[in-house]
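To find a chain, count down the sequence lines: A is the first, B the second, and so on, and within it residues start at 1. As the structure is a computational prediction, the values presented were derived from the model and not from experiment.
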Amino acid sequence: MISVNEKGLAIIDEMLDWEEDVKIESKVLENGATIIDCGVNTEGGYDAGMYLSRICLADLAEISYTKVDLDGLAVPAIQVATDHPTIACMASQYAGWRIAVGDYFGMGSGPARALGLKPKELYEKIGYKDDADAAVLVMESDKLPNEEIVEYIAKHCSVEPQNVYIAVAPTSSIAGSVQISARVVETGIHKLESIGFDINTIRSGFGVAPIAPIVGDDTKCMGSTNDCIIYCGETYYTVEHGDEEKLEDFVKKAPSSTSRDFGKPFYTTFKEAGFDFFKVDAGMFAPAKITINDLKSKKSFTSGRINPGILLESFGVKNV
Amino acid sequence: MISVNEKGLAIIDEMLDWEEDVKIESKVLENGATIIDCGVNTEGGYDAGMYLSRICLADLAEISYTKVDLDGLAVPAIQVATDHPTIACMASQYAGWRIAVGDYFGMGSGPARALGLKPKELYEKIGYKDDADAAVLVMESDKLPNEEIVEYIAKHCSVEPQNVYIAVAPTSSIAGSVQISARVVETGIHKLESIGFDINTIRSGFGVAPIAPIVGDDTKCMGSTNDCIIYCGETYYTVEHGDEEKLEDFVKKAPSSTSRDFGKPFYTTFKEAGFDFFKVDAGMFAPAKITINDLKSKKSFTSGRINPGILLESFGVKNV
Amino acid sequence: MISVNEKGLAIIDEMLDWEEDVKIESKVLENGATIIDCGVNTEGGYDAGMYLSRICLADLAEISYTKVDLDGLAVPAIQVATDHPTIACMASQYAGWRIAVGDYFGMGSGPARALGLKPKELYEKIGYKDDADAAVLVMESDKLPNEEIVEYIAKHCSVEPQNVYIAVAPTSSIAGSVQISARVVETGIHKLESIGFDINTIRSGFGVAPIAPIVGDDTKCMGSTNDCIIYCGETYYTVEHGDEEKLEDFVKKAPSSTSRDFGKPFYTTFKEAGFDFFKVDAGMFAPAKITINDLKSKKSFTSGRINPGILLESFGVKNV
């Protein structure tokens, strides 16, 4: 079985060789853990975001830059193609580990989750667990983790602190923007899972999403980065399902446009909900467009539509 | 002179290192030949298709995923760029070796053809032959070849059976879809050759074609994969020709739209012809769009048009 | 500090390993300098152009082929993404060294400029200089440099002649076309600098530009290659500026459309100016479209528009 943490560790090694080029900085904590700053106190950038995305996807996807045209505005975008959608996206990339220790807060994603089994039910469902000696985690946070956070992570992952590697970037950073847009294929799988689709039938995933500019603080950037997927994320999956009718229904329910909150920038929705996540319709977190080709029934279904206008509103780009 | 089989062998080596990641399986037959299953009894996938495409093109092209928009439907596509169009596409990639031994049938393409000189006239025309000790073949087939097939291939290629490497994928598989769309540049060269153009004047080739979903059995998939090139394949060549007038005429005659059978999914045409290849207009097998820049006359000509509507009909994607 | 010449030398080494594949030829002059012919007496091609582009950008950018659609005509294009815009584009790529010795003429660009400090004020402004022992230069010229040219370059770069590496391609060659389009991000930075913008605030650059066909002699090709950037070059930068109002004004003034000469193929403008560069508005040399995201004010501005029609006129592609 592929070890997502071993894959992640190989990328970490590469990053450590190219710190100056990638505009990142690593340090070794007293307990031996390695922290790689990709945008907290460093500049970071697109390449740092690419590395974070590769770690998140455990290098089980082909990731590349591309261009997306938003009603005439050319913006950089990210393209993801994977033959291991469940392991790459769900066992690794999904931001399923909320880490709050003391006054530290960050969303954990990437390989280490498959050691800590965060969340356990998901790993049971997909039948995957990793037993590597090293834990590789990506943290979306505006603070670098200290020894205490590392001990917490090491304990949950059953590894020694010196074998913990954490790469960190704030939501409000270029690297953060990149790694969030790289979640376009994952977001679709997660949405499908949430409406009852058996994600173990997914054989491949492909997707493209624009990369958000920095529009404000972390909360505002959470809005614009999510909008990249919600309003302009396009995905295409192959599955081995077999039930044509049910599949059609799943595809119909999958895209973001089915949400009651669809139609305005996410930040607006979040603000109207008093910045209370539980009042936002979770159905929003989905790509704008989902197409599925079923290898069993040989049928294909598509649903949703991209909406560059709302994304431009979210980006707030002024045409001068 | 570049050896296409040596190039192919280097890719085979890489594939054998990544079997689990690429979801393929290799086995060594009793006579020592290596068979790599990319979709017959394995899952295969996009990456397997990319490897098949790289073998076919003898690694003399830059291949990458991209996205194509079919009237609002985003589908994965493949982009090919080569500075060795004649060797990569004609001496290697072209599916010019029909292998039928006993009840085994498959279309052979890739480097081994340049040892077996299949077909001989083509190799004489382009003045290329390989004399490598190993034969690397890509087979489009729904069956894995056995020792008998290998002996047949080894004999025709004048190599020992243990130096034969065959990578196989059915038409009706993701890897199959990918490797067929990767023929977009080759299909244009082949069409140009068939209308009398001197393909030795071609200096580079560039092209993009969508990747077909699985729409049915091998025959149906033969239809949709070919339609990717026929209706949405776009190509761009540079040549050293010099005769402006003749070149204009060649470009005019090259795209698929000049065929009497243009205008409906290939499967429909094939069915109407009683599934008899000889009754289908060979002129159909061409990219939708061909542009040629002549380095001698400094002129450029373009002809043809893409037709996403027919391709969508061929794909049968239901908008729900 | 990153050494652009060391980066360039690593690419040179790679090129020398793949001469046949890349259709280039190297030779060592009597004084030990290495000259790599990428299109003067060799065919060169797209890959040679990619290598030239990588050298120019000191391998501090991600460069890839992509496709651009010009009113229905698909043409190959180049995409550039860099987290080191000032060093990659200005300290290295910018064609800032006019080399005219005896009857030899060529435009020098790439790493060696950072040794010779060509031009000095620019290097003072960006606070960069290289002190490598080897000088790597890209020459846009229709002639290969001889020993005398090498001595001249070696002297200005304070290196030994045997440590000089020069890769050459004419404007009127595929490799030349590619490396010029790869200047799309650089051209925008240069234009911003020329209107008073502090380019040290630029943190990343992204851009796409079509690759011109060969339309005639060097002068005509200078026109069509520049038109790729002027009429269809799209760029996107992130900066740390902070002054919203001033930034808006800079963006407004940056694209090519602000030039009095905008609106016709560059060759026409150049001809009307009696082929006198000093009579052409320097403001023309800019991408068609510029978007800037300011990491400080969190604002984004965009200006300009692409104009495929004029580029098609420049390319002279006949639809048959």
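Distance alone, capped at 3.5 Å, places no donor-acceptor pair between the A/Asp83 side chain and the B/Gly45 backbone.
Considering all non-hydrogen atoms of both residues, A/Glu234 and B/Asp69 come closest at OE2-OD2, 4.4 Å. The two residues A/Lys298 and B/Ser172 have their closest heavy-atom pair at NZ-OG, 4.2 Å. Closest non-hydrogen pair, B/Lys23 versus A/Arg203, comes out as NZ-O, 3.0 Å. Contact record, A/Gln79 with B/Tyr65: NE2-O, 3.0 Å, taken as the closest heavy-atom pair. Closest of all the heavy-atom pairs between A/Val208 and B/Lys67 is CG2-CD, 3.9 Å. Scanning all heavy atoms of the two residues, the minimum distance from B/Pro213 to A/Tyr236 falls at CB-OH, 3.2 Å.
Heavy atoms closer than 4.5 Å to chain A are found in both the backbone and the side chain of B/Glu20. Both the backbone and the side chain of A/Ile2 come within contact range of chain B, each with at least one heavy atom under 4.5 Å from a heavy atom of that chain. Contacts between A/Phe301 and chain B at a heavy-atom distance below 4.5 Å involve backbone atoms as well as side-chain atoms.
Rounded to the nearest 0.5 angstrom, A/Ser303 OG and B/Lys318 NZ are separated by 11.5 Å. Atoms OG and CG, on A/Ser204 and B/Asp47 in that order, are 9.5 Å from each other to the nearest 0.5 Å. Between atom OG1 of residue A/Thr302 and atom CG of residue B/Leu73 there is a gap of 4.5 Å, rounded to the nearest 0.5 Å.
Between B/Ile214 and A/Thr238, every side-chain heavy-atom pair lies at or beyond the 4.5 Å cut-off. Contact of the A/Leu295 side chain with the B/Ile174 side chain is registered, since non-hydrogen atoms from C-beta on lie closer than 4.5 Å.
Most heavy-atom pairs under 4.5 Å with chain B, from the set A/Glu240, A/His84, A/Glu62, A/Lys252: that is A/His84. Note on A/Arg305, A/Lys299, A/Met1: by heavy-atom pairs under 4.5 Å with chain B, the leading option is A/Met1.
For the side-chain contact (heavy atoms from CB on, under 4.5 Å) criterion with B/Val317, the lone passing option out of A/Asn293, A/Thr291, A/Ile292 is A/Thr291.
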